[in-house]
Q: 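Could you have a look at this structure, given as structure tokens, before my questions?
Chain A is the first sequence line, chain B the second, and so forth, proteins listed ahead of strands; every chain is numbered from 1.
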Amino acid sequence: MKLSGVKGMNDVLPAEVGRWQEMEALAREVFALYGYREIRTPVVEPAALFARGVGEATDIVNKEMYVFEDKGDDRLALRPEGTAGTVRAFIEHGAYVDGPQKWFYLGAMFRRERPQRGRYRQFHQIGCEAFGVAEPLLDAEQIALLADYLGRLGVRTTLKLNSVGDGECRPAYLADLRSYLDGHRAALCADCRDRIDRNPLRVLDCKVASCQPVLEAAPRLLDRLCAGCRDHLAAVRAGLDALGVEHRLEPRLVRGLDYYVRTAFEFTSDALGAQAAVAGGGRYDRLVETLGGPPTPGIGFALGAERLALILEAMGRPVPPRGPAVFFVLADPAGATEALRLAGALRRAGVACDLDARAGKLKTQFRQAERAGARFALVLGAAEVASGEGKLKDLATRAETPVRLDELAARLGGPG
RNA sequence: GUGGGUAUAGCUCAACUGGUAGAGCACUGGACUGUGGAUCCGGGGGUUAAGGGUUCGAACCCCUUUACUCACCCCA
């Protein structure tokens, strides 16, 4: 029986892992610049957390979540998204007493869907959550953070912004929309007819040509926003303008999670195929309360790491190299012993080095040095041991320069 | 969950309308007993995804299963 990985769950091999390390390191760096601090929560949570937080009726909870029994006790779930667990931790540890909090996380999420380009059963999200501030200034700042992060990676995206209303204006709008769509049921496609009850906002998103006339004339949420939501949206846009963040108002942008209110946004890329969203998020002012905490506004986003990696790859952005500074080529037993000793000294000095312990043909060792991504190679044999001197070979230029072995650490430790 | 496409060496692919399974790259040995990317010669590697059927004969045709992949749905 041949073993293979679980469908939709992928390995990141050493050759590509540099890209992931780059994305993660930059996230930590940039998020810290905006005052966000890292939080780590379990991959497993009570299933009820997601049912209550994300929404019982959403596809994510309803059909995509991995749920299992833990020895008969609780019903547990592999987290399908990061916000609910973060909010749970926020409440459980009473973090709300310390005023506004800005947190971020990196981690694996799980959804049991049919895999396709940019969509996997285990995938990784990089997300930010900010608690305790209802002001639109925060929305603008957080969206700018995300734009900043993507911009530093050279990724070109489109930012789509919308308001999905709040408890004051959305229910009335939804009722109107539902009855409007119901009245035009016959003119809509089968998918849309299903969606009328389940998620009427989604109908507006339909791409089927025959549905378009009905949708064009449908009531628009943007026209029905209450004064609070309208002002909020205007302020967010003004904030983005002030920060020089380009965005597009997208009245049909919908989020798939129940907890979103007011601000909803999405960064999309055309390098991704059908799954165009690199990152998405929005405000969730009632979520903390829903999950049992004190009323606390919040806003957050999640970015799909696999999708970002796909974009970087499509851009032809090279994977940052990670090779040793020097690779020792062992010419004979005396050289091998010396190499081991020298390697120890260099490593104590913080200089990365490597060698091929098989000590085979020089040709093979040089090939190994190149494959390891080493900057220099240094042949070590009885002659070098005797003279205390060797030739440091730059593998890129193939130029050799004499070097005293006891000065190697100083030579390689410095810049260049 | 629903469709479409694909499946031959580690990778990329050949194999004439069914006739003994090959090449390039990679790996490895040698030409070169202390200098890699070039050249030349040699070597290891395959139940042709799996199972069944048709046939004198199947990588090729038929059926089933599985995996991968793209799209729908949905979302990061």
Q: Using a heavy-atom cut-off of under 4.0 Å over every strand shown, decide if A:Val278 touches base, sugar-phosphate, or nothing.
A: sugar-phosphate
Q: Nearest heavy-atom pair of A:Gly53 and A:Tyr259: which atoms, and what distance?
A: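 That would be O-CD2, 3.3 Å.
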Q: For the pair made of NZ in A:Lys160 and P in B:A76, what is the distance, rounded to whole Å?
A: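 It works out to 14 Å between those atoms.
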Q: Evaluate the side-chain contact (heavy atoms from CB on, under 4.5 Å) criterion for residues A:Phe265 and A:Val236: first the C-alpha distance (whole Å), next the side-chain angles of each, then the deciding distance (0.1 Å), finally the verdict.
A: CA-CA 11 Å; A:Phe265 59 94; A:Val236 173; over 6 Å; no
Q: Does A:Ala279 reach a base, just sugar-phosphate, or nothing at all? Heavy atoms under 4.0 Å.
A: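 Touches sugar-phosphate only.
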Q: Expressed in whole Å, how much space separates the C1' atoms belonging to B:U6 and B:A59?
A: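 These two C1' atoms come out 15 Å apart once rounded.
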Q: Return the 5'-most residue of the pair A:Glu81, A:Gly381 with respect to RNA chain B, ranking by each residue's nearest nucleotide.
A: A:Gly381
Q: Step by step, work out the salt bridge (Lys or Arg N to Asp or Glu O under 4.0 Å) result for A:Glu92 and A:Arg88.
A: CA-CA 6 Å; A:Glu92 192 166 333; A:Arg88 194 223 80 231; 2.9 Å; yes
Q: Reckon A:Gly273 touches a base, only the sugar-phosphate, or nothing at all at heavy-atom distances under 4.0 Å?
A: sugar-phosphate
Q: Checking all strands, does A:Tyr120 fall into the base, sugar-phosphate, or nothing category for heavy-atom contacts under 4.0 angstrom?
A: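 A:Tyr120: base contact, heavy atoms under 4.0 Å.
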Q: Rounding to an integer number of angstrom, what distance separates B:G53 and B:G10 when you compare their P atoms?
A: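 Straight-line distance between the two P atoms is 28 Å.
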Q: Please report the distance separating the C1' of B:A49 from the corresponding atom of B:U69, rounded so that it comes out in whole Å.
A: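 One C1' to the other, the span is 15 Å.
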Q: What does A:Ala383 touch in the nucleic acid at a heavy-atom separation under 4.0 angstrom: a base, only the sugar-phosphate, or nothing?
A: base
Q: Think A:Gln116 has a side-chain N or O under 4.0 angstrom from the OP1 or OP2 of B:A71?
A: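 So the side-chain polar atoms of A:Gln116 do come within 4.0 Å of the phosphate oxygens OP1 or OP2 of B:A71, strictly under.
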Q: Taking all atoms of both residues into account, what is the closest heavy-atom pair of A:Tyr34 and A:Ala144, and its distance?
A: OH-O, 4.0 Å
Q: Check the distance between B:G29's P and A:Arg358's CZ and give it to me in whole angstrom.
A: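 The distance from CZ of A:Arg358 to P of B:G29 comes to 7 Å, rounded to the nearest Å.
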Q: Over all heavy atoms of both residues, which pair between A:Pro200 and A:Arg178 is shortest? Give the atoms and the distance, please.
A: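 Here A:Pro200 and A:Arg178 meet closest at CD-NH2, 3.5 Å.
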Q: Starting the side chain at C-beta, find the nucleotide from B:C70, B:C74, B:A76 nearest to A:Gln275.
A: B:C74
Q: Distance check needed: B:C74 P versus A:Arg121 CZ, whole Å only.
A: 18 Å
Q: For the residue pair A:Arg111 and A:Glu81, establish whether any side-chain heavy-atom pair is separated by less than 4.5 Å.
A: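 Yes - at least one pair of side-chain heavy atoms lies under 4.5 Å apart.
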Q: For B:C61 and B:A14, measure between their P atoms and round to the nearest Å.
A: 14 Å
Q: Name all stems that contain residues of RNA chain B, defined as runs of 3 or more consecutive Watson-Crick or G-U wobble pairs, both distances under 3.5 Å.
A: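 Correct response: B:1-7 with B:66-72, B:10-13 with B:22-25, B:27-31 with B:39-43, B:49-53 with B:61-65.
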Q: In this structure, how many angstroms lie between the P atom of B:G36 and the CG atom of A:Leu330, rounded?
A: 16 Å
Q: Using atom C1' of each nucleotide, how far apart are B:C11 and B:C63 to the nearest Å?
A: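 My reading of the C1' atoms in B:C11 and B:C63 gives 32 Å.
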Q: Which part of the nucleic acid, if any, lies within contact of A:Glu384, taking any heavy atom under 4.0 Å across all strands shown: a base, the sugar-phosphate backbone alone, or nothing?
A: base
Q: Among A:Glu38, A:Glu141, A:Glu129, which residue satisfies the salt bridge (Lys or Arg N to Asp or Glu O under 4.0 Å) criterion with A:Lys102?
A: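 Single salt bridge (Lys or Arg N to Asp or Glu O under 4.0 Å) partner of A:Lys102 among A:Glu38, A:Glu141, A:Glu129: A:Glu141.
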Q: Give A:Leu395 one of three labels, base, sugar-phosphate or nothing, depending on what nucleic acid heavy atoms sit under 4.0 Å from its own.
A: base
Q: Rounded to whole angstrom units, what separation is found between the CG atom of A:Leu201 and the C1' atom of B:C74?
A: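 For the pair A:Leu201 CG and B:C74 C1', the rounded distance is 15 Å.
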Q: Looking only at N and O atoms, is any donor in the side chain of A:Arg119 or the base of B:A76 less than 3.5 Å from an acceptor on the other one?
A: no
Q: Using atom P in both nucleotides, what's the gap between B:U64 and B:G3 to the nearest angstrom?
A: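 Going atom to atom, P in each nucleotide, I get 13 Å.
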Q: Give the rounded distance in Å between these two atoms: CZ of A:Arg371 and P of B:G10.
A: 17 Å
Q: Between B:C74 atom P and A:Met109 atom CE, what is the distance in whole Å?
A: 22 Å
Q: Could a donor-acceptor pair under 3.5 angstrom be found where the side chain of A:Lys393 meets the base of B:G36?
A: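 Per atom types, the contact qualifies.
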Q: Contact class for A:Lys7 (heavy atom, under 4.0 Å): base, sugar-phosphate, or nothing?
A: sugar-phosphate
Q: Quick check on B:G34: is either OP1 or OP2 less than 4.0 Å from any side-chain nitrogen or oxygen of A:Lys361?
A: no
Q: Can you tell me whether the side chain of A:Glu400 and the base of B:U35 have a donor-acceptor pair closer than 3.5 Å?
A: yes
Q: Considering only the C1' atoms, how many Å lie between B:U17 and B:G42, rounded to the nearest integer?
A: 38 Å
Q: Using whole Å, what does the distance between atom P of nucleotide B:U69 and atom CG of A:Leu272 come to?
A: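 In whole Å, B:U69 P lies 16 Å from A:Leu272 CG.
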Q: Do you know which two heavy atoms are closest between A:Pro219 and A:Arg224, and how far apart they sit?
A: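 For A:Pro219 and A:Arg224, the tightest heavy-atom pair comes out as CB-NH2, 3.9 Å.
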Q: OP1, OP2 of B:U35 versus side-chain N and O of A:Arg367: anything below 4.0 Å?
A: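 Looking at the OP1 and OP2 atoms of B:U35, neither is under 4.0 Å from any side-chain N or O of A:Arg367.
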Q: Would you measure the distance from the P atom in B:G43 across to the matching atom in B:G24 and give it in whole Å?
A: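 So the two P atoms sit 13 Å from each other.
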Q: Please determine whether a side-chain nitrogen or oxygen atom of A:Arg195 lies at a distance below 4.0 Å from atom OP1 or OP2 of B:C74.
A: yes
Q: Heavy atoms only, 4.0 Å cut-off, all strands: where does A:Glu266 land among base, sugar-phosphate and nothing?
A: nothing
Q: Quick check on B:G29: is either OP1 or OP2 less than 4.0 Å from any side-chain nitrogen or oxygen of A:Thr364?
A: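 Checking B:G29 against A:Thr364, a side-chain N or O does come within under 4.0 Å of OP1 or OP2.
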Q: For the residue pair A:Glu384 and A:Gly390, what are the closest heavy atoms and their distance?
A: CG-CA, 3.8 Å
Q: When all nucleic acid strands are considered with a 4.0 Å heavy-atom cut-off, which category describes A:Arg255: base, sugar-phosphate, or nothing?
A: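 The residue A:Arg255 makes sugar-phosphate contact but no base contact.
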Q: Taking atom OG of A:Ser269 and atom CG of A:Leu310, what is their separation to the nearest 0.5 Å?
A: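 One gets 9.5 Å once the value is rounded to the nearest 0.5 Å.
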Q: Does A:Arg114 make a side-chain donor-acceptor contact with the base of B:C73, cut-off 3.5 Å?
A: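 There is none.
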